[in-house]
Amino acid sequence: MKSFMKLTSLSIQGHLYYRTSFLINLLTPVILLSGQYLLWNALYAQNRAADIGGMSRGDMFAYLLVAFAVSNLVGWSGENVLAKEINSGRVVARCVRPAAFLVQTLSELTGTVLIQGVVNLIVVCVGFGFFGSYMQRPSLPEVCVFVPCLALAVLLRMMMIDVFSLLCFFTTGYLGITWTRTALFEFFSGAMIPVALFPDFLKTVTYYTPFPYMLQVPVAVLLGQELPGSPLFIFAVQLAWLLLFLLIHCAVYGLARRNMTIAGG
């Protein structure tokens, strides 16, 4: 735990050191969020019915805000640190440090999440504070269930990033893997379109993947929207996917280490 906290602190310092890049990474997603609001506002304005796919305007506006905050917890630069190090060969430094490989990865991502989480919390509070009359507000019981669900969702996403990054050991580049991971997450997690609006067949298939449990499900828990099961069922599914990703990490990293040569080692 001491090593984890120290590495997390170093990760936070590293992100704050490059202030210009940090500010750009903060502002760009907000612009995209504004575009989403304009798009969905236009769709609801043209729709004669009171809702779209069972979601009212207030439901959708609240969903967009919270989904933005959850989706944007790990930015592009934070997601690709490990992949870039593997691609450049600098990953060998991780292999000789007195801390487990997975601990190093999770601590770096935790530093990113903590910084971005504070900013996103402010954005959500400001959004509900100034425009709460246009949105569905969460209740206290829903918030209490949301917190552990979000913690498991963030950890699950970190494990997914770790596993996809480890695949870079077997390629000559990382962008293809990164774009594939991003596309799968953005679509199947509900970051682009709420899973509740998917056709029934696609919705059923989506809930058999880990992606909606990283975003759609925690947001739906907070806002009291459609869920694939009870909170206990959701927690169990998240834990099951975490265990599976952990097993995949051990298998892929073990294979990579057997084929890795470290000078002097």
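The basis for the numbers below is simple: all heavy atoms, side chains too, and nothing from hydrogens, waters or symmetry mates.
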Compare every heavy atom of [Y] with every heavy atom of [X], then report the nearest pair and how far apart it is.
| X | Y | answer |
| --- | --- | --- |
| C149 | Q238 | O-NE2, 3.2 Å |
| E142 | V221 | CB-O, 3.6 Å |
| S165 | L82 | CB-CD2, 3.7 Å |
| P228 | F233 | O-CE2, 4.0 Å |
| F146 | V219 | CE1-N, 4.5 Å |
| Y208 | W241 | O-CZ2, 3.3 Å |

When rounded to the nearest 0.5 angstrom, what distance separates [atom1] in [X] from [atom2] in [Y]?
| X | Y | atom1 | atom2 | result |
| --- | --- | --- | --- | --- |
| Y207 | T209 | OH | OG1 | 10.0 Å |
| R157 | L152 | CZ | CG | 15.5 Å |
| L43 | I52 | CG | CD1 | 5.5 Å |
| L215 | L156 | CG | CG | 11.5 Å |
| L109 | Q116 | CG | CD | 13.0 Å |
| I177 | F170 | CD1 | CZ | 9.5 Å |

Measure centre to centre between the rings of F187 and F198, then say whether the value is under 6.0 Å.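 Under 6.0 Å, so yes.
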
Is it the case that the side chains of [Y] and [X] hold a donor-acceptor pair, with the cut-off being a distance below 3.5 Å and no angle test?
| X | Y | answer |
| --- | --- | --- |
| Y174 | E85 | no |
| S56 | D59 | yes |
| Q104 | S107 | no |

Worksheet item: Would you call E226 and P194 a side-chain contact if the rule is heavy atoms closer than 4.5 Å?
Response: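 Not touching, per the 4.5 Å side-chain cut-off.
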
W40 and Y44 aromatic ring geometry - parallel, tilted or perpendicular at 30°/60° bounds
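Tilted.
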
Q216 side chain to V195 backbone, donor-acceptor under 3.5 Å: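 Yes.
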
Between E186 and R181 (salt bridge meaning N to carboxylate O under 4.0 Å), is one present in this structure? no

